[in-house]
Each structure stands twice: as structure tokens, then as C-alpha cells.
Amino acid sequence: MEDLVNRRCGWAGTDDLYVKYHDEEWGKLVTDDKTLFEFLVLESAQAGLAWITILRKREGYKKAFYNFDVEKVAAMTSDDIDRLMLFDGIVRNRLKIASTITNARCFIAIQKEFGSFYNYTLSFFPEQKPIVNNFKSLKEIPVTTPESDAMSKDMKKRGFKFFGSTICYAHMQATGFVNDHLVGCLCRKKTLADCPV
């Protein structure tokens, strides 16, 4: 895979959906819990699959999980799981659907304890600030870090499912707690402007 394609991080390639996601969302700091919950749902659904598969089903996830309203998702039951197993708009994996409900309940517990999931996430970072990396090639970008190891370990203890260190790091990248846009990527400056570091 090339490091840069059309002056963008090479993983985005030329797929319109991937490019739009790369340009408008990936690496931009997310501070609101609703969007953080959306990414948590999508990232945990991705486990074992390509991210583009989940991006293509994003609207389906939005419909299936009440526009990512964490309270409504937390109140879902086994009847909802049965119903969603017949819904084409998402990955129909019973364990992943059930884990979304479990994770919503855990997410709410964290909000109560830390004030927000945003605060909780920052608690794993040095000086409670996002990290800006200066990678020049895709092969330099790690799949896990000490921060993702610590956060996923803590989340597992709290009952979260499908959120190992690799998924956790992908979540941190997607939501801008880590900025891994390559040096030379046209979006790097845009995301840095959003980063309070």
C-alpha cells in the first residue's frame, strides 16, 4: 500500500466513502459523547472485518440502534436482538448485537463515574491531552499503544465486549485522541487545528 494517495493517507485509497471519511472525520477530536458512542458501536462491530464494510453499513447501524441514543440502546432486550438478526443493514452477528447493548450500559456507567466518556478516554493519556504523531509512512503506525492497552484492559474489567487493544486504538485514531495523519497528508493541518495541544 502506498503511503500517500492523492496527498492523503494511503489507506483511504480512492473509494469515495473512504476518502470522505478520511477527509471529514478521521483524526478530528470528538468531544461529544453521542459521537463517541457511535464510534464505539461501529468499531466494536468491525472486529474481524474491514472498516469499509462497517462504513458502508453505517446508516443501517444508525437505524438499528436508535440514531446511537445510548439510553435507548441500553434499554434494548433479547426481542430486539432477534429482530436485528433479520435486519440486512448491519452485520448480523448475535454476539456483536448483544454486545452493543451491554456496551451501552457500560458506557452510561462510565458517564456517571467520570462525567463523560470523553473525560474517561482522556484519563488514559499523558497530561490528559490527545497525542499527535509524526509518522511519515503507514508502516510506522502502530496497531496498539500503551494507552490503548490500558484503556481496553480497563473497559474489559468494566464489562465491555469486542473492544480489545487494536479496536481501542482504531477508536482513538477515528475520534482524534490520536492524530495519525501522515506528515504530508493534506488533512493533517486541518485536524491539528481541531486538536487542543
Side-chain angles (χ1 to χ4, degrees), residues 1 9-28 30 32-111 117 121 138 141-144 148-149 151-178 180:
M1 184 184 291
C9 299
W11 58 261
T14 56
D15 180 289
D16 289 343
L17 187 60
Y18 239 174
V19 168
K20 185 176 181 346
Y21 168 70
H22 169 274
D23 289 4
E24 296 176 11
E25 294 184 87
W26 194 75
K28 288 188 179 181
V30 173
D32 72 285
D33 273 14
K34 182 171 183 180
T35 306
L36 289 174
F37 179 65
E38 175 180 356
F39 274 106
L40 189 138
V41 170
L42 297 175
E43 295 287 356
S44 60
Q46 185 214 343
L49 302 169
W51 179 237
I52 192 68
T53 303
I54 302 304
L55 273 186
R56 288 185 179 133
K57 291 182 177 285
R58 194 173 190 177
E59 280 305 308
Y61 276 92
K62 193 174 180 179
K63 284 180 195 155
F65 294 107
Y66 300 103
N67 196 23
F68 304 107
D69 182 320
V70 70
E71 299 281 346
K72 287 181 179 173
V73 176
M76 290 171 78
T77 66
S78 57
D79 288 344
D80 292 300
I81 297 171
D82 292 340
R83 177 177 52 81
L84 290 179
M85 282 298 291
L86 304 172
F87 179 54
D88 277 340
I90 63 169
V91 174
R92 289 179 290 177
N93 176 310
R94 186 173 290 279
L95 290 176
K96 285 185 178 180
I97 295 167
S99 76
T100 300
I101 300 166
T102 300
N103 289 352
R105 294 168 185 163
C106 296
F107 191 95
I108 291 167
I110 280 176
Q111 287 179 313
F117 195 80
T121 306
L138 294 174
I141 300 174
V143 292
T144 63
S148 69
D149 290 346
M151 184 170 168
S152 73
K153 186 178 176 186
D154 187 72
M155 288 174 76
K156 188 176 183 181
K157 267 195 252 173
R158 292 170 182 272
F160 283 87
K161 308 286 184 204
F162 289 101
F163 217 78
S165 189
T166 302
I167 294 291
C168 189
Y169 191 66
H171 180 75
M172 290 172 171
Q173 291 173 306
T175 55
F177 288 93
V178 177
D180 277 346

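The figures here come from the full heavy-atom set of this structure, side chains too, leaving out hydrogens, waters and symmetry mates. These numbers come from a predicted model, not from an experiment.
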Problem set entry | Pairwise distance OG(Ser44) to NZ(Lys96) - rounded to 0.5 angstrom | 8.0 Å
For this session: Measure the shortest side-chain to side-chain distance between Gln46 and Thr53 over non-hydrogen atoms and say whether it is less than 4.5 angstrom.
Result: no
Seminar exercise, completed: Closest heavy-atom pair, Cys106 versus Gly159, reported as atoms and distance to 0.1 Å, is SG-C, 3.7 Å
Exercise. Taking atom CZ of Phe177 and atom SG of Cys168, what is their separation to the nearest 0.5 Å?
Worked result: 10.0 Å
Problem set entry | Set of residues satisfying ring pair (Phe, Tyr, Trp, His ring centres under 6.0 Å) with respect to Phe117, sequence neighbours excluded | Phe107, Tyr120
For this session: Would you sort out whether Asn67 and Asp69 count as a side chain to side chain contact (heavy atoms under 4.5 Å, CB included), showing the intermediate values?
Result: CA-CA 6 Å; Asn67 196 23; Asp69 182 320; 5.7 Å; no
For this session: Output yes when Arg94 and Asp82 qualify as a salt bridge under the 4.0 Å nitrogen-oxygen rule, no when they do not.
Result: yes
For this session: Let me see the working for Arg83 and Asp79 under salt bridge (charged side-chain N to carboxylate O under 4.0 Å, His left out), right down to the final yes or no.
Result: CA-CA 6 Å; Arg83 177 177 52 81; Asp79 288 344; over 6 Å; no
Exercise. Would you call Val91 and Ile54 a side-chain contact if the rule is heavy atoms closer than 4.5 Å?
Worked result: yes
Exercise. When you check the gap from the basic side-chain N to the acidic O, do Asp16 and Lys20 get nearer than 4.0 Å?
Worked result: no
Problem set entry | Close side-chain approach of Asp33 to Val70, heavy-atom, < 4.5 Å | no
Seminar exercise, completed: Between the CG atom in Leu36 and the OG1 atom in Thr121, the distance rounded to the nearest 0.5 Å is 6.0 Å
Seminar exercise, completed: Nearest heavy-atom contact between Leu49 and Ala45 is CD1-O, 3.7 Å
Exercise. Taking everything shown except Lys62 itself, do over 12 heavy atoms lie less than 6.0 Å from its NZ?
Worked result: no
Exercise. Between Lys153 and Asp149, is any pair of side-chain heavy atoms under 4.5 Å apart?
Worked result: no
Exercise. Heavy-atom count around Lys34 NZ within 6.0 Å, excluding the residue itself: above 12?
Worked result: yes
Problem set entry | pair Met76-Leu84: side-chain heavy atoms closer than 4.5 Å | yes
Problem set entry | Smallest separation among heavy atoms of Ile90 and Ala64, with atom names | CG2-CB, 3.9 Å
Exercise. Which heavy atom of Asn93 sits nearest a heavy atom of Leu95, and at what distance?
Worked result: OD1-N, 3.0 Å
Problem set entry | Pairs flagged by ring pair (Phe, Tyr, Trp, His ring centres under 6.0 Å) wherever residues 42-85 is involved - sequence neighbours left out | Tyr21-Trp51
For this session: Determine yes or no for a side-chain-to-main-chain donor-acceptor pair under 3.5 angstrom, with Asp180 supplying the side chain and Gly27 the backbone.
Result: no
Exercise. Checking side chain to side chain contact (heavy atoms under 4.5 Å, CB included) for the pair Ile97/Phe87: CA distance, chi angles, key distance, verdict?
Worked result: CA-CA 11 Å; Ile97 295 167; Phe87 179 54; over 6 Å; no
Exercise. If we only count heavy atoms from C-beta on, is the Phe160 to Ile167 side-chain gap below 4.5 Å?
Worked result: no
Exercise. Which heavy atom of Val73 sits nearest a heavy atom of Ala104, and at what distance?
Worked result: CG1-CB, 3.7 Å
Exercise. Taking atom OG of Ser152 and atom CZ of Phe162, what is their separation to the nearest 0.5 Å?
Worked result: 14.5 Å
For this session: Would you give the length of the straight line joining atom CE of Met151 to atom OH of Tyr169, rounded to the nearest 0.5 angstrom?
Result: 13.0 Å
Seminar exercise, completed: d(His22 NE2, Asp15 CG) to nearest 0.5 Å is 13.0 Å
Problem set entry | Side chain to side chain, Met155 and Leu40, heavy atoms closer than 4.5 Å | yes
For this session: Check whether any side-chain heavy atom of Leu55 sits under 4.5 Å from a side-chain heavy atom of Arg58, and report yes or no.
Result: yes
